[in-house]
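Order of the sequence lines fixes the chain letters, A, B, ..., with proteins taken first and strands second; residue numbering starts at 1 for each chain.
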Amino acid sequence: MERYAILPAGNQGVLGVIRQFLASLLEKKLVDALLVPLELPTGDNVVPTIVSRPEQIQRANPLAPVMPVNAARLVSRITMISSSPERLGVVLRPCELRALVELVKLKQASLDKLLLIGVDCFGTYSVNDYEKSAKDGSSPTEDLLGRARGGKENPRLRKACQICEYPVPMGADLAIGLIGVDPDTGILLAAGTPEGEKVIQELGLEEVKAEERESAIAKLVAERAGKREELLKKTREEIRGLDKMMATLATCINCHNCKTACPLCYCKECFFDSPVFEFEAEKYLGWAKRKGALRMPNDTLLFHLTRLNHMVISCVGCGLCTEACPNDIPVFDIFRLVGYDVQKLFDYVPGRSLDEELPLTAFKEDELADIGM
Amino acid sequence: MAEEKEFEPVIVGFFCNWCTATAADLAGTLRMQYPPNVRPIRTMCSGSVDPVYVLRALLGGADGVIVGGCPPGDCHYVNGNFKARRRMAILKTVLKTLGIEEDRVWIRWISAAEGPKFARTMNEVTESIRKLGPNPIAKDWSI
């Protein structure tokens, strides 16, 4: 059972309470720096930023419905060569946190000296939609919170977010809880680890019971899971079979943006960008001769099938692949569907626990008897 | 082009050096007959067969692929075959979900002592792929 404390509401609103909490972490030296989304001083975007001075926290906005990059990638970048020398708090959405857990298992990031701070997520808009909405003059953050509180559907949410059944952070030291919480009373802070409990003690926060939270989470998860089933069913019909699959990939230009945006595609040099895929003219002409013609650039389907094989077991469903596609291919829909089937095979939920081995590095002697004979 | 000949499946075999490839030699030494449809490629371990090679074969012209490894417990590298089995399980699931015939991918355990099993398995896979017919992806220029 998680232990909850309350960040009491003042007159500064939900965001103000969270900013105050984050600033106090820096002021009380509970962390030396924070990786947290900040509103840019000019322009309408909110981007992950390393903050070392508490006064900069006034621009922090971990609730803004926009995720330009999956910050797990950034934590990997920061801690890849050596783990952080100072205590770094990282404020992450649930899908970022789950991607980070996968990257740690893949030995692409280190959690040493990190304080993992998760935030309940109501979902995000595409970067363009967020910018448009902010330019219209209304605050996208207020709009999002208002709709979430009213239990209203939010058609602006990215598809990945509409069907995301993990709105609550898993495995964080501390989780900022908004679901099933009355913002007029305060915001919940859940300690998931002894580290998190220590922070709550240091800050002298009052411990509370959060009785409505579980049922509110269950309700939201059920809604999202229902939508997920709808999408999976629809996608199954839309892409099943070679012709439909190729129709879906008709506009693919092999730019590999989906790979670049994917938080889990970690290879420094992708196999597909390596010399293995540089061929003599003779090869291309030979393939064309054998098939009568050859689509160029070639290996469109091979690229997507291979990425599915390599990555889909760890796919957290953040949907940034679809965002990155210049030609609106529903890459996420394909990954979510195939990921659902493949992950089920090993009862694996990416990012659920650091203790669960990656299915491709583990095995059981007695399994899959119908595959190998 | 010449008239369509009777369909003869093209099958690519990835055989591990220590067991299945040796079993192929044994089958030959024993003068056992098996169909010439399988094009063997020797790998050091079934665990080193990345799905991309299997896919490359299927998308580039093969009608079927068979991966051959050491029987469970006998892997020269202790557990490469178990990992190969998981990889192929994922590959087959991906193909199945996308509605691409996963039955064109086989993985079998054939030890160095099992020349007859090697010949029998090559017969089985050839006949099975023959029944499935030509691989439609192998002829598609637009993939």
Between [X] and chain B, with a heavy-atom cut-off of 4.5 Å, which part of the residue counts as in contact: side chain, backbone, both or neither?
| X | value |
| --- | --- |
| A:Leu345 | side chain |
| A:Tyr340 | neither |
| A:Leu249 | neither |
| A:Thr361 | backbone |
| A:Asp370 | neither |
| A:His310 | side chain |
| A:Met246 | side chain |
| A:Ala288 | neither |

May I ask you to check whether over 12 heavy atoms, not counting those of [X], lie within 6.0 Å of atom [atom1]?
| X | atom1 | answer |
| --- | --- | --- |
| A:Lys244 | NZ | yes |
| A:Glu282 | CD | no |
| A:Asp243 | CG | no |
| A:Arg77 | CZ | no |

Task: Proximal component of B:Lys139, with respect to chain A [non-hydrogen, under 4.5 Å] - done: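 Only the backbone of B:Lys139 comes within 4.5 Å of chain A.
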Open item on the list: Out of the candidates B:Leu55, B:Thr97, B:Leu98, only one should pair with A:Leu308 under the side chain to side chain contact (heavy atoms under 4.5 Å, CB included) rule; please name it.
Closed with: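 With A:Leu308 as partner, side chain to side chain contact (heavy atoms under 4.5 Å, CB included) holds for just one option, B:Leu98.
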Task: Reference residue B:Leu59; test side chain to side chain contact (heavy atoms under 4.5 Å, CB included); the match among A:Thr300, A:Asn298, A:Leu305 - done: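 Of the listed options, the one satisfying the test is A:Leu305.
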Open item on the list: Salt bridge check, A:Arg295 against B:Asp140: does any charged N sit closer than 4.0 Å to a carboxylate O?
Closed with: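 No, B:Asp140 and A:Arg295 are not salt-bridged.
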Open item on the list: For the backbone of A:Phe363 and the side chain of B:Arg85, can you confirm whether one donor and one acceptor N or O come within less than 3.5 Å of each other?
Closed with: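 Checked: no pair found.
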Task: Parallel, tilted or perpendicular: ring planes of A:Phe271 versus B:Tyr53, cut at 30 and 60 degrees - done: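 Perpendicular: the ring planes of A:Phe271 and B:Tyr53 meet at over 60°.
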TODO: Begin from the C-alpha positions of B:Ile143 and A:Lys291 and carry the test side-chain contact (heavy atoms from CB on, under 4.5 Å) through to its verdict.
DONE: CA-CA 11 Å; B:Ile143 56 168; A:Lys291 292 189 174 191; 3.7 Å; yes
Task: For chain B, the option from A:Leu242, A:Thr235, A:Leu294, A:Ile239 that forms the most heavy-atom pairs under 4.5 Å - done: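 Most pairs with chain B among the choices: A:Leu242.
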- [ ] Specify which of B:Pro136, B:Pro72, B:Ala89, B:Pro71 makes the most heavy-atom pairs with chain A at under 4.5 Å.
- [x]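 Looking at each option in turn, the highest pair count goes to B:Ala89.
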Open item on the list: Below 4.5 Å, heavy-atom pairs only: which of B:Ala138, B:Gly69, B:Gly73 has the largest tally toward chain A?
Closed with: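 Top option by heavy-atom pairs under 4.5 Å: B:Ala138.
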TODO: Could you walk me through whether A:Phe272 and B:Val52 pass side-chain contact (heavy atoms from CB on, under 4.5 Å), step by step?
DONE: CA-CA 10 Å; A:Phe272 282 86; B:Val52 72; 4.2 Å; yes
TODO: Enter the distance from A:Gln343:CD to B:Thr93:OG1 here, rounded to the nearest 0.5 Å.
DONE: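 With rounding to 0.5 Å, CD (A:Gln343) is 11.5 Å from OG1 (B:Thr93).
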Open item on the list: For a quick test of reading the model, state the closest non-hydrogen atom pair linking B:Lys117 to A:Met373 and the distance between them.
Closed with: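 Nearest pair, atom of B:Lys117 first, then A:Met373: NZ-O, 3.8 Å.
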Open item on the list: Can you give me the closest heavy-atom contact between B:Phe82 and A:Lys364, atom names plus distance?
Closed with: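 Of all heavy-atom pairs spanning B:Phe82 and A:Lys364, the closest is CD2-O, 4.0 Å.
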Task: CA sep, side-chain torsions, deciding dist, call: B:Arg86, A:Ile371, side-chain contact (heavy atoms from CB on, under 4.5 Å) - done: CA-CA 9 Å; B:Arg86 284 202 161 191; A:Ile371 301 265; over 6 Å; no
Task: Contacts of residues 28-51 of chain B with chain A (heavy atom under 4.5 Å) - done: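 At a heavy-atom separation under 4.5 Å, chain A is reached by B:Asp50, B:Pro51.
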TODO: Evaluate the side-chain contact (heavy atoms from CB on, under 4.5 Å) criterion for residues A:Asn309 and B:Ile90: first the C-alpha distance (whole Å), next the side-chain angles of each, then the deciding distance (0.1 Å), finally the verdict.
DONE: CA-CA 7 Å; A:Asn309 269 283; B:Ile90 290 181; 3.9 Å; yes
Open item on the list: Are A:Thr306 and B:Arg56 packed together at the side-chain level, in the sense that at least one heavy-atom pair is separated by less than 4.5 angstrom?
Closed with: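 Heavy-atom side-chain distance check fails, nothing below 4.5 Å.
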